[in-house]
Amino acid sequence: MPERIHNQQVELTELIERHSGQDGVYETAIPSLFFIRLSRVADPVHRVYKPSLCFIAQGLKHVLLSQELFEYGPSHYLISSTNLPVKGHVIKASSDVPYLSLRLEFTPKQIIEVLKDAQIEITLQENTQRAMFVGEMESSIMDSLVRLARLLDNPKDIPFLAPIYKREILYHLLQGNHGVALAQMAMEGSSAYRISEAIEHIVHNIAKPLRIEELAELANMGISTFHRHFKEITAMSPIQYQKQLRLQEARRLLISEPTDATEVAFRIGYESASQFSREYSRMFGFPPRADIKQLKEKYESI
């Protein structure tokens, strides 16, 4: 790692540690910026990554998208350019050297604004690429991240400067090796953008039956073309994607609300409680009741 990036990383590590303090996920005073701290290697966590930049200042993490493994640490960043259900596993963390990271969420509209204002010309593409990728950290990106995080020590500067630094970060990402792939997800008319619209439809209609013909029509694609592009972007089929979303939402509901597995199964769109239980067990390793019990016991022991 170049010395300049190393020094920036050290400063960012100190900032995250100071503004978190204890294990957990912290929503900072800067809109869409989150800090994460973990002082021990824990079980993998299922969640949906929104469009975001993820950077680890200290530690190491595995992210599993379907069957595709992404590993990254302080020398790299990870981008998710659309909503992706994943399984994340911090594999390097200790009480002496805790895992420290940040997540900066962004929107397609913000990407388009940067492309337009910076006059970055990107040609619409028919081919599609994976919506998750790991890139090598550059000093320009790190510098903008550090200046953004420093604003937490000067809250009065956040409203004016935070949007500027965030635009800087997106600008540098769009100029990088994965800039074209990132831009395509936001550019209306591209194949990636049309698939992202179908993804949004699935996300916002999670309990409704999945109709491939309707999704393909929404994306203005033939059914086989839609299937191919969807899998290229998400590493899974539309049905697999919906299933992961449903099961993650079911787990969230079971943890946060006084309800039972049968009620949750019907709420998220399952017609069979037994099928829901089987698929839940396959994804999380335990039937719903046993899974929630062991999760709550872990939380209480922390």
Side-chain angles (χ1 to χ4, degrees), residues 23-25 34 36 38 40-52 54 61-71 78 80 82-91 93 103 130-132 195-196 198-212 214-215 227 230-231 233-302:
D23 287 3
V25 178
F34 300 81
I36 303 96
L38 193 63
R40 61 185 177 86
V41 174
D43 293 336
V45 176
H46 292 264
R47 65 182 307 271
V48 177
Y49 275 17
K50 295 180 180 180
S52 54
C54 302
K61 187 173 187 178
H62 284 169
V63 175
L64 193 65
L65 175 65
S66 186
Q67 301 301 312
E68 190 169 349
L69 180 67
F70 296 84
E71 178 179 295
L78 179 137
S80 175
T82 191
N83 294 294
L84 293 173
V86 301
K87 181 166 70 172
H89 190 195
V90 173
I91 61 172
R103 181 175 78 250
R130 191 74 78 236
M132 178 169 282
I195 293 296
S196 71
I199 287 172
E200 285 295 309
H201 182 82
I202 297 173
V203 169
H204 293 295
N205 296 276
I206 188 173
K208 294 183 179 180
L210 195 68
R211 295 186 170 87
I212 299 299
E214 180 182 349
L215 292 173
H227 266 289
F230 194 98
K231 192 159 189 178
I233 286 175
T234 67
M236 63 193 86
S237 70
I239 292 175
Q240 291 169 330
Y241 182 94
Q242 184 199 51
K243 184 185 296 184
Q244 290 212 24
L245 286 185
R246 282 180 166 182
L247 292 172
Q248 287 200 36
E249 176 64 7
R251 200 184 206 194
R252 186 192 69 79
L253 291 171
L254 287 166
I255 291 173
S256 61
E257 297 184 9
T259 184
D260 60 34
T262 300
E263 180 184 343
V264 165
F266 294 131
R267 281 175 65 181
I268 63 170
Y270 277 84
E271 296 181 357
S272 166
S274 60
Q275 180 188 359
F276 165 71
S277 184
R278 286 195 303 272
E279 293 184 353
Y280 189 103
S281 300
R282 196 174 299 126
M283 181 163 174
F284 299 117
F286 296 93
R289 182 179 296 178
D291 179 54
I292 299 307
K293 183 175 183 291
Q294 60 93 21
L295 280 176
K296 288 182 176 178
E297 286 174 352
K298 284 181 181 178
Y299 293 149
E300 288 171 359
S301 67
I302 294 175

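Only heavy atoms go into these numbers, but all of them, side chains included; no hydrogens, no water, no symmetry mates. Model, not experiment: these values are computed from the prediction.
- In terms of heavy-atom proximity, Ile233 sits nearest to Thr82 at CG2-CG2, 4.3 Å.
- Expressed to the nearest 0.5 Å, how far CG of Leu245 lies from CG of Asn83 amounts to 8.0 Å.
- Among pairs with a residue in residues 244-263, none fulfils ring pair (Phe, Tyr, Trp, His ring centres under 6.0 Å), at least two apart in sequence or across chains.
- Residues Ile292 and Arg251 are in side-chain contact: their nearest non-hydrogen atoms beyond the backbone lie under 4.5 Å apart.
- Expressed to the nearest 0.5 Å, how far CG of Leu210 lies from CD1 of Ile212 amounts to 4.5 Å.
- Between Lys50 and Arg103, every side-chain heavy-atom pair lies at or beyond the 4.5 Å cut-off.
- The pair Glu257-Arg267 meets the salt-bridge criterion, with a side-chain N (NZ, NE, NH1 or NH2) lying under 4.0 Å from an Asp/Glu carboxylate O.
- Residues satisfying the salt bridge (Lys or Arg N to Asp or Glu O under 4.0 Å) criterion with Lys243, sequence neighbours excluded, are Glu279.
- Using a distance-only test at 3.5 Å, with no hydrogens or angles considered, a donor-acceptor pair links the side chain of Gln240 to the main chain of Ser237.
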Worksheet item: Is there a side-chain contact (heavy atoms from CB on, under 4.5 Å) between Leu253 and Ile268 once you walk through the steps?
Response: CA-CA 10 Å; Leu253 291 171; Ile268 63 170; 4.1 Å; yes
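- Taking the side chain as every heavy atom from C-beta outward, Phe284 and Leu295 never approach each other to under 4.5 Å.
- Counting all heavy atoms, side chain and backbone alike, Ser80 lies closest to Met132 at CB-CE, 4.1 Å.
- Counting heavy atoms of neighbouring residues, nucleotides and ligands inside a 6.0 Å radius, atom CG of Leu69 exceeds 12 of them.
- Residues Phe34 and Ser52 fail the side-chain proximity criterion, which asks for heavy atoms closer than 4.5 Å.
- When every heavy atom of Ile202 is checked against every heavy atom of Gln242, the shortest pair comes out as CG2-CB, 4.1 Å.
- Across all their heavy atoms, Gly269 and Arg246 have their closest contact at O-NH1, 3.6 Å.
- Considering only heavy atoms from C-beta on, Tyr49 comes within 4.5 Å of Leu78 through its side chain.
- For the atom pair CZ of Phe276 and OG of Ser281, the computed distance is 9.0 Å after rounding to the nearest 0.5 Å.
- Across every non-hydrogen atom of Arg130 and Glu68, the tightest pair is NE-OE1, 2.7 Å.
- Looking only at distances, no side-chain donor or acceptor of His204 sits under 3.5 Å from a matching main-chain atom of Ile199.
- Taken to the nearest 0.5 Å, the CD atom of Glu71 stands 12.5 Å off from the NZ atom of Lys61.
- Applying the salt bridge (Lys or Arg N to Asp or Glu O under 4.0 Å) criterion to Arg252, with sequence neighbours excluded, gives Glu249.
- Using a 4.5 Å cut-off on side-chain heavy atoms (C-beta onward), Tyr280 and Val264 make no contact.
- Put simply, the side chain of Ser274 never gets that close to the backbone of Ser272: no donor and acceptor are under 3.5 Å apart.
- Val90 approaches Val41 most closely through the heavy-atom pair O-CG1, 3.3 Å.
- The OG atom of Ser196 sits 13.5 Å away from atom NE2 of His201, with the distance rounded to the nearest 0.5 Å.
- Rounding to the nearest 0.5 Å gives a distance of 6.5 Å between CE of Met236 and CG of Leu84.
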